[in-house]
Amino acid sequence: MPVLANVGQSKLQAPEASKVSLLPALPPVPRAPVMPRSRLAKLDASDGQIAPGGPFRYAITPERRALLNTIRFAEGTWARGEDLGYRVMFGGGLMGGLDRHPDRVIYSGRYASAAAGAYQFMPFTWTMASRKLGLAGFGPHVQDQAAIFLIQRRGALTLADRGEFTPELAAKLAPEWASFPTLAGYSYYGQPVKRYAALKAFYERSLAQLKAVAEPAVPVVELPACEPVESLRCRLQALDRIGPKPKSLGI
């Protein structure tokens with residue numbers, strides 16, 4: 001969890017008893033905002049501590065959620081977006097619970113791995129992220145937080161927040177997720193990789209759906225019918241709804 005430095009916080013010296021004023025006390029001077037000491041903590045304003053002195057948490061925006069969904073799609077844990085994907089271990093088996101990372105090596109074909117969860121965390125990667133953010137358990141919400149931490153650790157969070165799935169974004173995440181292609185189109189680790197075009201298409205569909213949910217349609221307010229229709233007032237209202245005629249029509 002990022003350590004915050006006490007910047008701009010100075011101790012106020014107590015006034016001498018002989019100089020104490022009888023005037024009402026002035027409101028306290030607001031302190032300067034505390035700036036993060038760690039570069040990893042310098043995020044946008046929507047991220048930060050959920051409470052003073054509490055753990056650091058990332059905001060889950062539509063752009064970030066779309067990328068998280070795309071990582072799950074690439075790693076084979078999408079499971080139609082259901083929470084079942086958070087229980088997937090390497091090889092496709094399911095862990096019994098979400099109280100902790102299983103830390104169990106699974107052999108599947110020519111490969112062996114202890115990756116687990118929606119984002120296929122390796123044990124040492126999960127330990128690093130969970131300790132840094134102060135995460136408990138292995139549930140969906142904490143897995144999402146750890147995944148965003150890894151995205152930023154790879155220097156890709158700024159690209160992710162633009163809402164575009166570019167080859168550069170995929171390449172930055174390729175060292176973290178073997179299913180993502182490098183700029184050359186191959187896996188960073190020589191493993192099976194998803195095609196960039198397929199990832200981009202999935203990302204764009206996901207982002208469009210998320211934005212549609214996050215931005216509700218503006219309700220259309222229908223004005224009551226004007227009566228009597230032939231009155232001057234109703235005629236003027238009808239003209240107002242039509243609006244001015246364009247000058248290009250020569251009218």
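Side-chain atoms of S187 come within 3.5 Å of backbone N or O of A178 as a donor-acceptor pair. Between the S206 side chain and the Y203 main chain, no donor and acceptor come within less than 3.5 Å of each other. When atom types are taken as modelled, the side chain of Q49 and the backbone of P55 share no donor-acceptor pair closer than 3.5 angstrom. Put simply, the side chain of R64 gets close to the backbone of A59: a donor and an acceptor are under 3.5 Å apart. Of the possible donor and acceptor atoms, one in the side chain of R87 sits under 3.5 Å from a partner among the backbone N and O of M95.
A salt bridge links E204 to K200: one of the charged nitrogens lies within less than 4.0 Å of a carboxylate oxygen. Ion pair R162/E164 not flagged as a salt bridge, since none of the NZ, NE, NH1 or NH2 atoms sits closer than 4.0 Å to an Asp/Glu carboxylate oxygen.
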Walk me through it: do I151 and R153 pass the test side chain to side chain contact (heavy atoms under 4.5 Å, CB included)?
CA-CA 5 Å; I151 292 170; R153 181 171 174 267; over 6 Å; no
Please step through side chain to side chain contact (heavy atoms under 4.5 Å, CB included) for the pair R104 and M89, ending with a clear verdict.
CA-CA 9 Å; R104 175 186 171 190; M89 296 188 296; 4.0 Å; yes
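Interatomic distance, R205 CZ to N69 CG, rounded to the nearest 0.5 Å: 11.5 Å. Rounding to the nearest 0.5 Å gives a distance of 9.0 Å between CG of L210 and OG1 of T61. With values rounded to the nearest 0.5 angstrom, E176 atom CD is found 4.5 Å from L150 atom CG. Rounding to the nearest 0.5 Å gives a distance of 7.5 Å between CZ of F56 and CG of L133. Remark: L159 CG to L173 CG distance equals 8.5 Å, nearest 0.5 Å.
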Only distances under 3.5 Å count here; give the side-chain donor-acceptor pairs of residues 109-124 to other protein atoms, sequence neighbours excluded, each with its distance to 0.1 Å.
unit_1 : atom_1 : unit_2 : atom_2 : d
S113   : OG     : A115   : N      : 3.0
Y119   : OH     : D144   : OD1    : 2.6
Q120   : NE2    : V88    : O      : 3.2
Q120   : NE2    : G117   : O      : 2.8

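Taking hydrophobic clusters as Ile, Leu, Val, Met, Phe, Trp and Tyr residues chained together by side-chain heavy-atom distances below 4.5 Å, L207 shares a cluster with L157. With hydrophobic clusters built from ILVMFWY side chains whose heavy atoms lie under 4.5 angstrom apart, Y188 does not share a cluster with W177. Residues F138 and I148 fall within the same hydrophobic cluster, defined by Ile, Leu, Val, Met, Phe, Trp and Tyr side chains chained together at heavy-atom separations under 4.5 Å.
Q152 and Y58 form a side-chain donor-acceptor contact under 3.5 Å, judged by distance and modelled atom types alone.
Taking the side chain as every heavy atom from C-beta outward, R57 and D47 never approach each other to under 4.5 Å. Using a 4.5 Å heavy-atom cutoff, the side chains of S108 and F90 are in contact. L135 places none of its side-chain heavy atoms less than 4.5 Å from the side chain of H141. No side-chain heavy atom of S179 sits under 4.5 Å from any side-chain heavy atom of Q191. For the pair Q143 and L98, the minimum side-chain heavy-atom distance is below 4.5 Å. Looking at heavy atoms from C-beta onward, P140 lies in side-chain contact with D83 at the 4.5 angstrom threshold.
Both cation-pi conditions hold for R72 and Y86: the charged atom is under 6.0 angstrom from the six-membered ring centre and inside a 45 degree cone around its axis. Cation-pi geometry between K194 and F73 is met: under 6.0 angstrom from the ring centre, within 45 degrees of the axis.
The nearest pair of heavy atoms linking L67 to A160 is CD2-CB, 3.5 Å. P181 approaches L199 most closely through the heavy-atom pair CD-CD1, 3.6 Å.
The aromatic ring centres of F180 and Y196 sit 6.0 Å or more apart. Here the two rings, on W78 and F202, have centers that are under 6.0 Å apart.
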